[in-house]
Each structure stands twice: as C-alpha cells, then as structure tokens.
2 protein chains.
Amino acid sequence: MQNVFAPHDHASCTQSALTTVERACAERGLRLTPVRKRTLEILLEGHHALGAYDVLQKLSDDGLADKPPMAYRALNFLVEHGFAHRVERLNAYVACAHPDADHTPALWICSDCHKVAETAQAAELGQRLGQDGGFSINTLTIEAEGSCQQCRGESSND
Amino acid sequence: MQNVFAPHDHASCTQSALTTVERACAERGLRLTPVRKRTLEILLEGHHALGAYDVLQKLSDDGLADKPPMAYRALNFLVEHGFAHRVERLNAYVACAHPDADHTPALWICSDCHKVAETAQAAELGQRLGQDGGFSINTLTIEAEGSCQQCRGESSND
DNA sequence: TGTATAAATGTTATGTTATAACATATCAAT
DNA sequence: ATTGATATGTTATAACATAACATTTATACA
Ligand SMILES: [Zn+2]
Ligand SMILES: [Zn+2]
Ligand SMILES: [Zn+2]
Ligand SMILES: [Zn+2]
C-alpha cells in the first residue's frame, strides 16, 4: 500500500503531484485558477482527508474564498477531473496520489494516523463482482477503514 | 445479483426478513421495540434506500416518532446489529437482504429504478486487497452505482 | 415487592455538510 | 468589440446528524 503511510519526501511528493496536475490541465484545456490550485495545495499538505469546511477555512485565511459554494466548486472541479477523490465515509476530500491516470481507486483510511492512501485495482474488481448479476457499473466506491502497518508497528504517526 | 432487482414475491420477501430479525433479536436478547420494528418495516417496503428524514416522516405519520434523534436511534440500532445497512454514497439506509449472517456486503445501487441490492463476497476481497500493503481492515465499504440488468433491458422498473 | 440499574425514549438545541438560484465578472474566440 | 462560455460572488436554505440532558420503561435481584 502506499508510501503515503510510510515516511517519505513529502515536499517532492507534493511538488510532483502539483506539476502533474498543471500539465494535465494544460493538455486538457482546463483552467487551474487560483482557488482551484490553492485548494489542491491544501489537500496536498498532508495525506489527510479534509472536509469542505476545513478547506474553506484555509481558503478564507488566504483571502481566496469565504463562502461554501466557492469551496465546493473548487473541490468538485478537482474531483471531476480526477485530481482529488471524495471519501464517502468521511464526507471529505483527499488529493489524488496519481492524478495522471484515469482510475477508480480503493481508499485506505487509517483510523490511527488519519492518513488516506489509495490503490488502483478497484475497477476490474468491481467489474468482476458485478458480472454475475449483470449489473453495469458506472462508478464504484471502495473504502476500507482500519490501521496501516506503520501505526500497528509504531506508537503514533499522525 | 439479487432477486431484488427482478420481479419477486415481495410480500414473502418482507415477511421472511421480518421473521428472521425477530428471531435474531430473541436469540441475542435484543429488544425490537415498536419504533425499531416499524423502522425495519419501512425499510422493507421496497428495496430502496431511504434517508433518515424520509423514515422519520413515516414514523411520524404513524405517531411513533417525530424528532430526528428518534429515527437515527432506530436506524443505528438496525445497522449496528446488521439488520440494515447504511449506504454511504446516498446518506441513506436499506434493509439487509439476509439479516441472519454476519457479513460485509457489497451494495449495488441502480440509478434507474433506485433499488439497492447486496452481495456478500466483500470481506475476503477486502482482505486480499489490503494484504499487499499490510493494511488491517476494520470495516469495508463497497458500493457500486450503475444500472441493473432489468433496467437495461426494459423501459422502467421503479 | 420494592429498589437499584440499565436501556430506551422524549426533547431542545445546535452542529455539519451541501446546494439552489441568481448576479457579476472574466476569459477566449471570432 | 461582440459574443458566448466559464468562473466567481452572494444570499439563502436544504439535507443530514448529534450533543446533552430529562424522563420513562424494562430487568434483575435483594
Ligand atoms: Zn507525501
Ligand atoms: Zn487517485
Ligand atoms: Zn422483495
Ligand atoms: Zn446485509
């Protein structure tokens, strides 16, 4: 599972995600406006899921947005284009760990350090599950809550 | 996938679920009080997910409950004991299709007829997914939204 | 049977998450 | 420059959920 639970060079982790998204926007003709970019940066600060109102507070601190629809619009933009994911179990949002690829992630939520990791193998799996019943999947949510290896081994990691 | 999408004898479907839950409560020393039982009946009326406030409205019509905590308590009781499931993607609740077994369901939400089916194979699957990364799962959410076979074949089925 | 304890219900108030609706501004293309 | 599309600003409210505390009802057992 993901490096995101383990110690890693988070500055370059952030930077690379940001660069990838910037490039993707350029390629696809999407506008990564100041609020949107800052929203992504906020989500990238840790590998934690943030609620829309947490994000809004931070945007407000920066003078970029101060009303709920502004935060929701930025978050929805990021989610629609695969640059962030919504965590249904938490009603919260997390930056995507590989924003280049089109993917349906499985999300791994550690209840100890509260980080959220993602892996990619969800789609095929859903297809397989749905096949028996002839169910045709549009979107698939896979979210596990539990504890990551680091938190089980160590004291705390938040 | 589940008979619940296909035409079936829903009266006996409901009756058997209700009987199963009654027996389970008796065995486990749980109290299926009037609000709780009625809440289950409400969820069993169709195979649809209902929001807490939808349930509350119906409880209120019956004179059984008229304030949010009352509905939430009944719903939480049912969910805690596996007699109903919470649908995270819909912030809604659905009666369990096989309330006898201890299980982690995968939920199948048809965007056309709005019925919700469940299958049971989720748990092992999560374990397998989590194993690579050493993630230890407490609870697993698997929810697919799409269209059921009936709705793809026929005009409408709601 | 009375009394202690726990479980369930009743009630008020409020917290949290999310969107509808409409006005204004900015961008991009002709 | 004009236009049409996209993005932002703003108000108001909808939808979902729980904290906290009072009261009642069930259960256990002295
Ligand atoms: Zn990182
Ligand atoms: Zn992702
Ligand atoms: Zn049925
Ligand atoms: Zn079930």
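Here is the naming used below: chain letters follow the sequence lines, and residue numbers restart at 1 for every chain. The figures here come from the full heavy-atom set of this structure, side chains too, leaving out hydrogens, waters and symmetry mates.
- Distance, A/Leu30 CG to C/dA28 P: 12 Å, rounded to whole Å.
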Kindly determine whether A/Asp66 and A/Met70 satisfy side-chain contact (heavy atoms from CB on, under 4.5 Å), including the steps that lead there. CA-CA 7 Å; A/Asp66 63 335; A/Met70 299 172 174; 3.7 Å; yes
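- One can place CD of A/Glu88 at 13 Å from P of D/dC16, the figure rounded to the nearest angstrom.
- Both thresholds, 5.5 Å between centres and 30° between ring planes, are met by B/Tyr53 relative to the base of D/dC16, so the two rings are stacked.
- For A/Glu45 and A/Arg38, the salt-bridge test passes: some basic side-chain N is under 4.0 Å from an acidic carboxylate O.
- Distance check: A/Glu143 CD to A/Glu88 CD gives 6.0 Å after rounding to the nearest 0.5 Å.
- For the pair A/Ala117 and A/Phe5, the tightest heavy-atom approach, listed with the atom from each and the gap, is CB-CE1, 3.4 Å.
- Protein atom CG of A/Asp54 is 10 Å distant from nucleotide atom P of C/dT16, rounded to whole Å.
- Nearer the 5' end of DNA chain D, as judged by each residue's closest nucleotide, is the contact made by B/Asn91, out of B/Arg31 and B/Asn91.
- Here A/Arg86 does not reach the OP1 or OP2 of C/dT17: none of its side-chain N or O atoms lies under 4.0 Å away.
- Atom-to-atom, CG of A/Leu56 to P of C/dT16 comes out at 14 Å; the value is rounded to the nearest Å.
- Residues from residues 57-77 of chain A placing a heavy atom under 4.0 Å of any atom in DNA chain C, listed by number, are A/Pro68, A/Pro69, A/Tyr72, A/Arg73.
- Going from atom CZ of A/Arg28 over to atom C1' of D/dT6 covers 18 Å, rounded to whole Å.
- Between B/His47 and B/His10, the distance separating the two ring centers is shorter than 6.0 angstrom.
- Between the CZ atom of A/Arg89 and the P atom of D/dA17 there is a distance of 13 Å, given to the nearest Å.
- The minimum heavy-atom distance between A/Cys110 and A/Cys148, with the atom names listed, is SG-N, 3.4 Å.
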